[in-house]
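Before any comments, here is the structure.
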Amino acid sequence: MSGRIVMGALAPHPPHLVYADNPKQNEPRAEGGWDVLRWGYEALRAKLKKKDYDVIIVHSPHWRTVVGHHFLGVPHFKSLSVDPIFPNLFRYHYDLKVDVPLAEAMCAEAAAQGLVTKMMRNEKFRVDYGTITACHMVNPDWDKPIVGVSANAAYDYFGNDVGDRQMIALGQAARRAVEKLGRRALVISSCSLSHRHFTTEPGVPEDMSYERIYNHNQYLWDMHVVKLLKTGKARELLDEMPDFIDQSVSEARAGSLTFLLSALGFPTQPAEVHAYGTVIGTGNAVVSWDMEAA
Amino acid sequence: MSVVRGYIVPGKPQPLLTPDAAPGYRKLADAFGMVREEIAASEADLIMIYSTKWLSVIGHQIQADPKPTWVHVDPEWHDLGEIPYSFVIDSEYAAAYEAAAKKRGLTARTVAYRGFPIDTGTITALKLLNPENRIPACVVSCNMYADRAETIVLGKAARDAAEQLGKKVIAVAVTQLSNRMVTEFIDPKTDRISSLKDDEWNRKVLEFLGNGRLEDVSQLARQFFREANADQRFKAIWWLAALMGQNNDYEGRVLAYEPIWGTGATVVSLNPMERGATNVEFDEDDVEVYRGDRNVLDR
């Protein structure tokens, strides 16, 4: 049995995007907002509708672990996720399934690579909002199981280069596990690009007259990264990743983007950029790679 | 005096969930127990917590749900089990704190949502210090971008609200000292501070605190953070020192200092009293009203 990663996507997780979409699972109601990013997700979902895949692997900065890389290891989670930072925007009732055999295979492959790993077996565990937001935006029907992977803090503890090395190994482990178990997988990186936030919020959070990039430096870095992705220069981006992280306060510091690029084998094909936009000052791009078109 | 006692406690769950997994965890749990007895014997009517484990971006968030109830599982230590909780929060104080913070120029808001994820540090502290909810509590977040001035103003606003309502407050800073965790799985019995340098700096800070020199520690916080990778830049100490009056007039006692997975975990008691180490420098800016970033680089 031989599986493959059929598609990869950069799927940023600001809860504002779910809030603005007004899905039935989310308690707060919005008058819209962040439309360009949401249109980008619409385009991504349209592509995914045509793809035959059976699992979503998601790496999320908001499940942060220090001791190893952790994997969701319970078949079913159902609970309420409240964003601790934006509780006014995100109180989401989730009901999701986990591909536990694939999670276990990824965990074993990563351990074989020398990474510290752990399965998360506690049924009362609340799945983080980064996982939920990204998965909702790519698949609001929740009709595919997921594999949730934590963001190890190696970047903070040892440095960006060490963090990247770990994420490269983790991405390779994911690819091997997918191939061994015969899965057709979508891999998503739940992260923003530049990540300096504004620390105030307008009275109406979706008032777009307040929305802009935090500073021009962030915009320039974001556009540089998008250009590298559009021109199939994932390896070059990896080379520049430590500087990108430091100079734009990038959320790539959580490892999600490097994990994705590694799982995809550092694609040389041009990525499809569906949207770029800001959310309370941070830079976000919705990007995909169709690995079967490569 | 609105603050009757101050405490520094660690935010990791081991003293609550696995106190007997290591001798150090037991010592910390016992120290929590000593504080619990002190609090019970006090005449306090509010436990005010600043937790480095509750991060915020949009200003400062203040817990105002009168009875937050949930079953918590720590994202890192999920194998140690669940923590069911139901706390009593002083909503009136929370609202007063929000107003006081805004009056001093800060962005602040109360939060009261069912299922709000109260952080592990707050839960551990309240479960161990106030298990019967005898004294109502309140919790404020740690803004990830806040600097010293902003955090000091946040502490002063907590004091304003307490004085306005006539509250007698137990102030609790939930923070590690050095915060460099061991990044592998270990037998807790072999737990130790992850570097000698961290250990030395922790002990230096604890020597100050043991002498009641809270304000001096507050002014050393930046250097301590640089040297020992202190938890969230050691902001909690700025908040605590500001709330307690920015002085060194305390009877300080270090009730425990032990490693938790390589980090420096301490339980410190600070009892306000007229005495002691006031003959020290107070050389940092003392800010009364927050007026935002000063943009010094633009001038």
Side-chain angles (χ1 to χ4, degrees), chain A residues 14 27-28 60 62-70 72-74 79-93 115-129 150-154 156-158 162 166 195-202 205 214 249 280-282, chain B residues 12 51 53-61 63-65 68 70-84 106-119 122 139 141-147 150 179-186 194 229 261-263 290 292-293:
Chain A
E27 291 178 0
S60 170
H62 288 283
W63 180 14
R64 190 173 187 275
T65 54
V66 175
V67 189
H69 305 262
H70 297 209
L72 293 180
V74 174
S79 188
L80 170 66
S81 173
V82 180
D83 183 340
I85 295 170
F86 299 102
N88 53 327
L89 308 182
F90 192 81
R91 304 190 299 278
Y92 187 98
H93 297 265
L115 298 178
V116 177
T117 61
K118 186 167 199 158
M119 293 297 298
M120 201 302 297
R121 304 288 193 186
N122 193 319
E123 294 180 354
K124 297 288 187 184
F125 185 82
R126 257 207 285 199
V127 179
D128 71 283
Y129 72 92
S150 76
N152 180 270
D156 295 323
Y157 271 68
F158 301 108
V162 173
Q166 290 207 19
H195 203 237
R196 181 58 164 92
H197 303 80
F198 290 111
T199 57
T200 57
E201 188 179 62
Y214 187 86
V249 202
I280 58 163
T282 67
Chain B
K12 299 207 183 297
S51 175
K53 301 292 182 285
W54 179 14
L55 295 178
S56 61
V57 169
I58 305 298
H60 307 275
Q61 300 195 127
Q63 184 56 248
D65 183 349
W70 202 259
V71 176
H72 177 69
V73 176
D74 186 82
E76 178 98 46
W77 309 107
H78 40 79
D79 56 334
L80 301 186
E82 304 90 42
I83 316 175
L106 299 172
T107 297
R109 65 184 177 196
T110 56
V111 296
Y113 300 103
R114 186 180 77 83
F116 184 91
I118 294 184
D119 65 281
T122 295
V139 193
S141 67
C142 170
N143 183 290
M144 59 190 290
Y145 297 115
D147 59 10
E150 187 169 349
N179 197 34
R180 216 180 312 267
M181 286 171 64
V182 177
T183 58
E184 296 179 343
F185 297 106
I186 58 170
S194 59
N229 191 37
W261 222 267
T263 66
Y290 187 67
D293 294 333

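Since the structure is predicted, the reported quantities are computational estimates derived from the model, not experimental observations. These values consider heavy atoms only, across backbone and side chains, with no hydrogens, waters or symmetry-generated copies.
Neither the backbone nor the side chain of Asn229(B) comes within less than 4.5 Å of any heavy atom of chain A. At a 4.5 Å heavy-atom cutoff, the contact between Ser79(A) and chain B is made by side-chain atoms alone. With a 4.5 Å cut-off on non-hydrogen atoms, Phe86(A) touches chain B through its backbone and its side chain both. With a threshold of 4.5 angstrom between heavy atoms, Leu55(B) approaches chain A through N, CA, C or O but not through any side-chain atom. Both the backbone and the side chain of Glu82(B) come within contact range of chain A, with heavy atoms under 4.5 Å apart. With a 4.5 Å cut-off on non-hydrogen atoms, Val57(B) touches chain A through its backbone and its side chain both. Contacts between Asn88(A) and chain B at a heavy-atom distance below 4.5 Å involve backbone atoms as well as side-chain atoms.
A distance-only check finds no donor-acceptor pair linking the side chain of Asn122(A) to the backbone of Asp79(B) [under 3.5 Å]. Side-chain N or O atoms of Glu76(B) include one that pairs as donor or acceptor with a backbone N or O of Val66(A) at under 3.5 Å.
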Practice item. Before giving the answer on salt bridge (charged side-chain N to carboxylate O under 4.0 Å, His left out), spell out for Arg109(B) and Glu201(A) the whole-Å C-alpha distance, their side-chain angles and the decisive distance to 0.1 Å. Key: CA-CA 11 Å; Arg109(B) 65 184 177 196; Glu201(A) 188 179 62; 2.8 Å; yes
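To the nearest 0.5 Å, the span separating CD1 on Ile58(B) from OG1 on Thr199(A) amounts to 6.5 Å. Thr65(A) contributes atom OG1, which lies 7.5 Å from atom NE2 of His78(B) (distance to the nearest 0.5 angstrom).
The residue among Tyr145(B), Trp77(B), Phe116(B) with the most heavy atom pairs within less than 4.5 Å of chain A is Tyr145(B). Here Arg91(A) is the residue among Met119(A), Arg121(A), Arg91(A) with the most heavy-atom pairs under 4.5 Å with chain B.
Using cut-offs of 30° and 60° on the angle between ring planes, the pair Phe185(B) and His70(A) is tilted.
Using a 4.5 Å cut-off on side-chain heavy atoms (C-beta onward), Pro75(B) and His62(A) make no contact.
Closest of all the heavy-atom pairs between Tyr157(A) and Thr183(B) is CD2-CG2, 3.9 Å. Of all heavy-atom pairs spanning Gly115(B) and Arg126(A), the tightest one is O-NH1, 2.7 Å. Between Trp54(B) and Pro84(A), the shortest heavy-atom distance links the atoms NE1-O, 3.5 Å. Minimum heavy-atom separation, Thr107(B) to Thr200(A): OG1-CG2, 3.3 Å.
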